[in-house]
Structure formats: structure tokens, C-alpha cells
Asker: 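Questions regarding the structure given below will be posed in turn.
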Amino acid sequence: MRAPNSLKQEFLKKWKSGLQICSSCSKNMSIFERKKAIKLSADVAMASARNGRTCWSRALIANASKNDNNKLLVEHILGNSEFQRLNKISIMRPTMSNKRVRCKKILKRSCGTIRRVSKRVVPQKILASCVAKRLSTKRTQVLKSLVPGGEFMDDVSLIEETLDYIMSLQTQIDVMRSLANATELVLRSKNEQW
């Protein structure tokens, strides 16, 4: 893992590049479209700052590249050679390989077996474990929907990727907050000069 300051610097450099592209195209954009473009450039900049080493960064870049309008922005932020390299990685490492598909009939049968056995064993223990398993499964599904590419990860890699994604989002917030504070200070000093 990189030092936090170098990750922040890399993110800021790439985000600045993305914002320059957005500002050149923003003359006929609505406020909603500008917001969407700023968010997209921030997300792609953070993913590219991770150099495609994580599943979430590759998934985020792949999802952004699907749209032809966004492809130009993604390619500009990444650079042509990096864009081609990440596309090759995405093709070579399909994210669908970890996806597990379960049949509803099998799940129903296994739950039915537990119910039959539960009459012999202490029902409270089995009920508690069944409730805990359902709760864990629901939370895992929610987590998979929040992390880019999470729906294709197993549980262990999901936790690792989630931790990395959270740290990257925190870095993104820190840089944006610093930029907002610096802008506010500049505006205050200009107002005091007048």
C-alpha cells in the first residue's frame, strides 16, 4: 500500500486532469450534468491512482468506460497506455469467476432438513444460528452492492476490497475538503482586499 500523501497527490493530479476536461465541455451542461461529471472524474481519478491493483478500481473504470461519453474522460485521466493496459487486465481477469450461484431448491431443502433436525436438538440454538446466518447474508449482499465489482467477489476478498475502498474514499474526502478550505481562504482574502 502506498503512503497516504503520495496517494492523495496522485489522486489530486489525476482529478485535476479530469476536471480540466469537464470544464472544457461544461459550457452547455446543466448543473446536474456538471455534478455527475465531477463525481465521475473523482471516482476515475481515485481508481486510476490505485493503478488497477484492486478489483473495485478495475470494476469502476470498466463501468465508467462502458458509456461512450465517459470513455474520453477515462482515457484522458488514465492516459492512453494505462487505459489499454487496464482494459487488457479486465479481459484477462474476468470478475465473474468468483460469482457463486445457488439454486433456490437446494436452499429450501437444506432449510427443511434443519427444521426436521431441530425437533431433536435444542431449537433455540438452531434458530439463533439460522437468524445470524440470514442477517450475515443480508449484510453481505448490501456490502456487495456498495463496493464496485463487489457482486462478483467471494466473502474474504469482499472484506479486503471494502477496506481498501473505504480508505480510498477517505483519501478522496480529505483531498476534496482541503481543496474546499483552500478555495474558501482565497475567496476570503480577495473579499478583504476589496
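None of these values were measured; they are calculated from a predicted model.
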Asker: Once rounded to the nearest 0.5 Å, what's the spacing between atom NZ of Lys133 and atom OG1 of Thr137?
Answerer: 6.0 Å
Asker: With a 4.5 Å limit on heavy-atom distance, are the side chains of Asn63 and Lys66 in contact?
Answerer: yes
Asker: Tell me which pairs pass side chain to side chain donor-acceptor pair (under 3.5 Å) where either residue lies in residues 138-149, with sequence neighbours left out.
Answerer: none
Asker: Starting at NZ of Lys14, measure out to OG of Ser41 and round the result to the nearest 0.5 Å.
Answerer: 13.0 Å
Asker: Of the non-hydrogen atoms in Leu146 and Tyr165, which two are nearest, and what is the gap between them?
Answerer: O-CE2, 4.0 Å
Asker: Grab the two heavy atoms, one from Pro148 and one from Met153, that are nearest each other, plus how far apart they are.
Answerer: O-CE, 3.8 Å
Asker: Take Asn5 and Gln9, measure what side chain to side chain donor-acceptor pair (under 3.5 Å) needs, and give me the verdict at the end.
Answerer: CA-CA 6 Å; Asn5 285 336; Gln9 289 171 351; over 6 Å; no
Asker: Would you compute the distance between atom CG of Asp164 and atom CG of Leu169 and round it to the nearest 0.5 angstrom?
Answerer: 9.5 Å
Asker: Tell me whether Ile173 at atom CD1 has more than 12 heavy atoms from other residues, nucleotides or ligands lying less than 6.0 Å away.
Answerer: yes
Asker: What verdict does the side chain to side chain contact (heavy atoms under 4.5 Å, CB included) test give for Gln170 and Ile166, after you've listed the backbone C-alpha separation in whole Å, the side-chain angles of each residue and the deciding distance to 0.1 Å?
Answerer: CA-CA 6 Å; Gln170 186 63 50; Ile166 289 170; 5.5 Å; no
Asker: I'd like to know if Arg188 pairs up with Glu192 as an ion pair, taking the criterion as any Lys NZ or Arg NE/NH1/NH2 lying under 4.0 Å from an Asp or Glu carboxylate oxygen.
Answerer: no
Asker: Nearest 0.5 Å, what's the CG-CG distance between Leu158 and Leu163?
Answerer: 9.5 Å
Asker: Write down the atom of Ile61, the atom of Ser48, and the distance for their closest heavy-atom approach.
Answerer: CD1-N, 4.1 Å
Asker: Any heavy-atom pair between the side chains of Val156 and Glu160 that's under 4.5 Å?
Answerer: yes
Asker: Under a 4.5 Å cut-off applied to non-hydrogen side-chain atoms, are Ile159 and Asp155 in contact?
Answerer: no
Asker: I'd like to know if the side chain of Ser136 and the backbone of Ala132 have a donor-acceptor N/O pair within less than 3.5 Å.
Answerer: no
Asker: Leu179 and Phe11: same hydrophobic cluster, using ILVMFWY side-chain contacts below 4.5 Å?
Answerer: yes
Asker: Check Glu161 against Cys55 and note the closest heavy-atom contact, atom names and distance.
Answerer: OE1-N, 3.0 Å
Asker: Is there a side-chain contact between Gln172 and Trp15, using heavy atoms and a 4.5 Å cut-off?
Answerer: no
Asker: In Å, rounded to the nearest 0.5 Å, how long is the span from CG of Leu60 to OG of Ser65?
Answerer: 9.5 Å
Asker: CD of Glu10 to OG1 of Thr171: how many Å apart, nearest 0.5 Å?
Answerer: 12.5 Å
